[in-house]
Trainee: 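To start, I am sharing the structure in question, which I have written as structure tokens.
On a predicted model such as this, the values are computed, not experimentally measured, just so you know.
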Amino acid sequence: MKYKKGDYIGNYKVLLPLKESDRSETYRVRGTSGFLYALKYGASEAEIQAAPLSDLYIESDCDYVVYRYISGETLETKLLREHKCLPTNLKKFATDILIQIEKFHNNGYTHGNISEGNIMIDLCNDGEPTAWVIGLSSVTTSDKNPVERDIQCIGSIMYRMAFGEMPENPPRVYARRTDSLEEGLLTIIYKAIISDFHSAKEMLDAIEGKSEVTAINRPVGEGFAAVAGMDEIKQRLQEDVIDILADRERAKAYGIEIPNGMLLYGPPGCGKTYIAEKFAEQTAYNYHYVKSSDLASTYLHGTQEKIAALFDKARKNAPTILCFDEFDALVPRRDDANNAGQSAEVNEFLTQLNNCGRDGIFVIATTNRPDKIDSAILRTGRIDYMVYVPVPDEKARMAMFQIALKNKPISDDIDYVYLTEKTNGFLTSDISAIVSESARTAFRKKTVITMQMLKDALNSRTPSLSKETIAEYERLREKFENKKKETAWSRIGFV
């Protein structure tokens with residue numbers, strides 16, 4: 001350290017060296033008035049310029065900045081000791097931080113490094129803890145560091161204060177919700193982490209109740225961990241959708257856009273809707289499941305209005321996953337349409353699907369009959385991927401049995417190889433039915449599920465689809481993918 005106890009830096013007497021970095025040194029000093037201050041020697045030019053925006057600022061020189069001295073501890077220290085914060089303190093600390101950060105943003109600066117270590121908790125403020133933002137060495141102009149990045153950091157800190165850990169990517173706020181934390185605050189935390197607030201004031205108004213925060217519906221579950229097989233689809237969804245949504249700013253820098261949608265097609269009972277649900281759980285994004293009956297209307301143009309309203313709501317709550325089941329019923333080929341109204345509904349879908357990924361909407365649709373869907377819907381820029389979901393293969397069937405039985409009371413004699421070999425041609429739904437029937441038998445007998453129970457359930461069933469029907473779907477796949485069986489998507493399945 002350049003200065004020692006008793007030395008003077010300007011008019012300030014050094015009492016204690018506090019910390020040292022490569023470029024700066026911080027001291028506890030006493031001013032001519034007798035008050036204690038924190039003096040940072042070697043502050044960067046940006047910090048010296050931005051320091052007056054801090055409520056802790058006292059004065060600055062070309063070599064140093066003087067701040068009010070805080071008697072307390074960092075939020076990092078507090079969380080290491082207490083693990084979590086009380087909901088009242090969480091809300092107050094977040095409000096304190098946002099009020100201070102808003103001043104920086106309004107003057108064209110961003111903090112750039114908001115973390116638990118750069119937040120001091122003042123314990124001498126009339127008994128009420130107050131959070132102060134420190135560590136301004138990383139301050140920069142907002143054109144170099146977007147304000148959303150600061151807000152995202154604040155959201156992550158709020159998450160840690162609430163749950164005692166940093167959020168996953170993507171965040172799973174609702175998977176760990178607590179009765180003591182109001183749902184509105186959970187939604188605010190989630191929206192901050194995914195950069196859905198565009199200013200500190202917008203987030204502050206939401207916390208203080210000055211603006212309404214739309215509750216968002218996010219399913220809770222294991223996500224892709226509950227899906228047997230389907231590795232290629234899961235990887236594509238993770239890399240081409242989830243990762244891009246989680247880091248939209250970086251994706252934008254590379255000129256990468258979010259895909260608009262994916263169509264899952266194939267035989268019934270193979271888990272198309274299931275993978276859509278698990279995808280939504282994996283992302284933890286707003287999710288809306290839509291059946292054809294949900295958009296039906298007896299009024300002229302009523303369905304068109306419902307379609308438009310659905311996408312409008314999805315945009316307001318983006319990022320949103322819209323899952324359309326039996327998509328062929330919603331967007332039939334217009335040359336087969338029974339009336340002009342149905343054609344108009346398809347046209348409305350065409351309009352809404354155009355580059356909807358840019359608005360944070362991802363459409364995942366399922367169908368057994370892709371040949372019944374209007375061809376204009378399936379072009380790139382609307383539905384970007386078409387993925388065939390076939391009858392599960394051997395590897396997938398074994399994984400399905402293992403996952404389905406994982407959390408159930410079972411005997412030690414379960415032979416997964418036998419079950420896999422004897423269920424060739426069985427659908428995902430068939431295997432689920434075998435496990436469910438065995439579980440009901442064990443429940444009635446008040447015992448564990450045994451191999452014999454599974455054999456009995458298996459022997460009482462035959463595959464739901466004939467070999468001829470499956471072959472017909474294989475031909476349909478070849479027609480749409482224009483490639484040989486050997487190069488098509490791997491045979492996979494679901495629980």
Trainee: For Phe480 together with Tyr388, are the ring centres under 6.0 Å from each other?
Mentor: no
Trainee: Under the criterion side chain to side chain donor-acceptor pair (under 3.5 Å), I'd like the reasoning laid out for Thr420 against Arg397: C-alpha separation, chi angles, the key distance, then a yes or no.
Mentor: CA-CA 6 Å; Thr420 301; Arg397 295 197 304 276; 5.8 Å; no
Trainee: If we only count heavy atoms from C-beta on, is the Tyr287 to Thr320 side-chain gap below 4.5 Å?
Mentor: no
Trainee: With side chains defined as the heavy atoms from C-beta onward, is the minimum distance between Lys272 and Asn368 less than 4.5 Å?
Mentor: yes
Trainee: Is the distance between the ring centroids of Phe279 and Tyr274 less than 6.0 Å?
Mentor: no
Trainee: Does the side chain of Met400 reach to within under 4.5 Å of the side chain of Thr428, using non-hydrogen atoms?
Mentor: yes
Trainee: Considering the options Val448, Ile410, Ile434, Thr441, which one meets the side-chain contact (heavy atoms from CB on, under 4.5 Å) requirement together with Met453?
Mentor: Thr441
Trainee: Is the closest side-chain heavy-atom distance between Arg477 and Tyr265 below 4.5 Å?
Mentor: yes
Trainee: Kindly confirm or rule out a cation-pi arrangement of Lys306 over Phe311, judged by NZ or CZ under 6.0 Å from the six-membered ring centre and within 45° of its axis?
Mentor: no
Trainee: So, are Glu478 and Arg475 salt-bridged, with charged N and O less than 4.0 Å apart?
Mentor: no
Trainee: Can you check whether Ile193 reaches Tyr159 side chain to side chain, under 4.5 Å on heavy atoms?
Mentor: yes
Trainee: State which residues pass ring pair (Phe, Tyr, Trp, His ring centres under 6.0 Å) with Tyr109; sequence neighbours excluded, sorted by chain then number.
Mentor: none
Trainee: Show, in sequence, the C-alpha distance, side-chain angles and deciding distance for Arg382 and Asn355, and conclude whether the side chain to side chain donor-acceptor pair (under 3.5 Å) test is met.
Mentor: CA-CA 6 Å; Arg382 292 186 179 121; Asn355 301 312; over 6 Å; no
Trainee: Please say whether more than 12 non-hydrogen atoms of neighbouring residues, nucleotides or ligands are located less than 6.0 Å from CG in Asp413.
Mentor: yes
Trainee: Can any side-chain N or O of Arg160 pair as donor or acceptor with the backbone N or O of Glu165 at less than 3.5 Å?
Mentor: no
Trainee: Just one of Val133, Thr140, Ile154 clears the side-chain contact (heavy atoms from CB on, under 4.5 Å) bar with His111, so which one?
Mentor: Val133
Trainee: Any donor-acceptor pair under 3.5 Å linking the side-chain atoms of Thr366 with those of Asp325?
Mentor: yes
